[in-house]
Amino acid sequence: MNGKHILNEMAPYKQGKQMEEVKAEFGLTKIVKLASNENPFGFSDKLNKELPHMLGQLELYPDGHATELRKKLAATLAVYEDQLVFGSGSDELIQIICRTFLYPGVNTVMATPTFPQYKHHSLVEGADVKEVPTVNGYHDLAKMLEAINEQTRIVWLCSPNNPTGSLIPKNDFYMFMDRCPRDVLVILDEAYYEYVDPELKYNAIDGINEYPNLFVLRTFSKAYGLAGLRVGYGIGNESLTAKLNIVRGPFNTSSLAQKAATLAVRDQEFIRETAEKNRIIKKEFQQFLDEQGLSYDDSQTNFLLVKLPVSGNELFDYLLTRGFIVRPGEAIGCPNAARITIGNQQDMKELQAILKEFLH
Ligand SMILES: *Cc1c(COP(=O)(O)O)cnc(C)c1O
């Protein structure tokens, strides 16, 4: 039963605490989950009304081409239908990308800390991983360019970066694309795109024609509030998507997920409201942290990486018994920090009171 050698040195993904688990353990009735950057405002109301009508024909396999969602999204993003690939979350697309382009003897470049699945799937494919430390939460693009060599196949840019929240500025991104060799695939993971301040936002998708080595990842899991349905997508030129489609499973997104995502795209008002509420509540939370003397990285997302005078695990344990679940920094490569999702206003008020208690 010998698997790949590397698996002996790896562990399965360790997920955050589940809400029911915590309720039972501490005899709590209410749990606030601020650990996985889900949308505290749920998802589009329009979807709530339509969902019951979406439950027919579950005995049939889904449309593996996701035709309806593809048409809707292609029109919305102004791309060709063949420039889209769908996945069971963008997580699965990361796996598909690694399986398509990585193998023993080649390497891949990424920031650290960043989204852990890039490294995980790269290692499973036997590739070497070159990690370039972030600076104040920002990608060090100059050092990442330096790290590229003949054997480099993929560079991962996470913008805004999880877990720091920092956005790669527009000019820096295009300068990077201009300097990056054209035979190196650049994955730009924009899981939090919808949250970015309109003044700082840029549409990198426009670049896929100029840069055939650019592939952009987005998801319905975060601002769209559909993490439980598992659907994400990637946008890139047709010769790239054709390769990924060979590796992609034939029915990798469910019929329900496809229908829900199609409806969700139509309700851009919900996305605008989500981003606006997040902006206001995040600002209030930042003011609170400033008052408490706690620093945090610049964030263009719905979470903050908060620096602590103690270990993140210690804060995690304290909050857990009081019904709040956050992500301790130790679990995501940021000791003495915690990644805290911006929740709704009431929950964040309660969190602030508990945090104050913890600090004093
Ligand atoms: C949450 C997240 C993803 C994965 O989202 P899916 O639910 O798999 O679509 C990908 N990248 C980043 C940076 C994330 O934070």
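Along the sequence shown, the residues carry numbers beginning at 1. Counting starts at 1 for both ligands and their atoms, in listed order.
Around atom CZ of Arg99, no more than 12 heavy atoms belonging to other residues, nucleotides or ligands sit under 6.0 Å away. Counting heavy atoms of neighbouring residues, nucleotides and ligands inside a 6.0 Å radius, atom CG of Asp178 exceeds 12 of them. Counting heavy atoms of neighbouring residues, nucleotides and ligands inside a 6.0 Å radius, atom CD of Glu199 does not exceed 12 of them.
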Below 3.5 Å only, please: the N or O atoms of ligand 1 paired with protein N or O atoms, distance on each line.
| unit_1 | atom_1 | unit_2 | atom_2 | d |
| --- | --- | --- | --- | --- |
| ligand 1 | 5 (O) | Ser90 | OG | 3.4 |
| ligand 1 | 7 (O) | Ser221 | OG | 2.5 |
| ligand 1 | 7 (O) | Arg230 | NH1 | 2.7 |
| ligand 1 | 7 (O) | Arg230 | NH2 | 3.3 |
| ligand 1 | 8 (O) | Ser90 | N | 3.1 |
| ligand 1 | 8 (O) | Asp91 | N | 2.9 |
| ligand 1 | 8 (O) | Asp91 | OD2 | 3.4 |
| ligand 1 | 8 (O) | Arg230 | NH2 | 2.8 |
| ligand 1 | 9 (O) | Ser90 | N | 2.6 |
| ligand 1 | 9 (O) | Ser90 | OG | 3.0 |
| ligand 1 | 9 (O) | Thr219 | OG1 | 2.5 |
| ligand 1 | 9 (O) | Ser221 | OG | 3.3 |
| ligand 1 | 11 (N) | Asp189 | OD1 | 3.4 |
| ligand 1 | 11 (N) | Asp189 | OD2 | 2.6 |
| ligand 1 | 15 (O) | Asn162 | ND2 | 2.9 |
| ligand 1 | 15 (O) | Tyr192 | OH | 2.6 |
| ligand 1 | 15 (O) | Lys222 | NZ | 2.9 |

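Side-chain atoms of Asn209 and Gln83, non-hydrogen and from C-beta on, do get closer than 4.5 Å to each other. Looking only at side-chain heavy atoms (C-beta outward), Ile342 and Pro40 stay at 4.5 Å or farther from each other.
Of all the heavy atoms in Lys259 and Gly56, the pair that sits closest is NZ-O, 4.1 Å.
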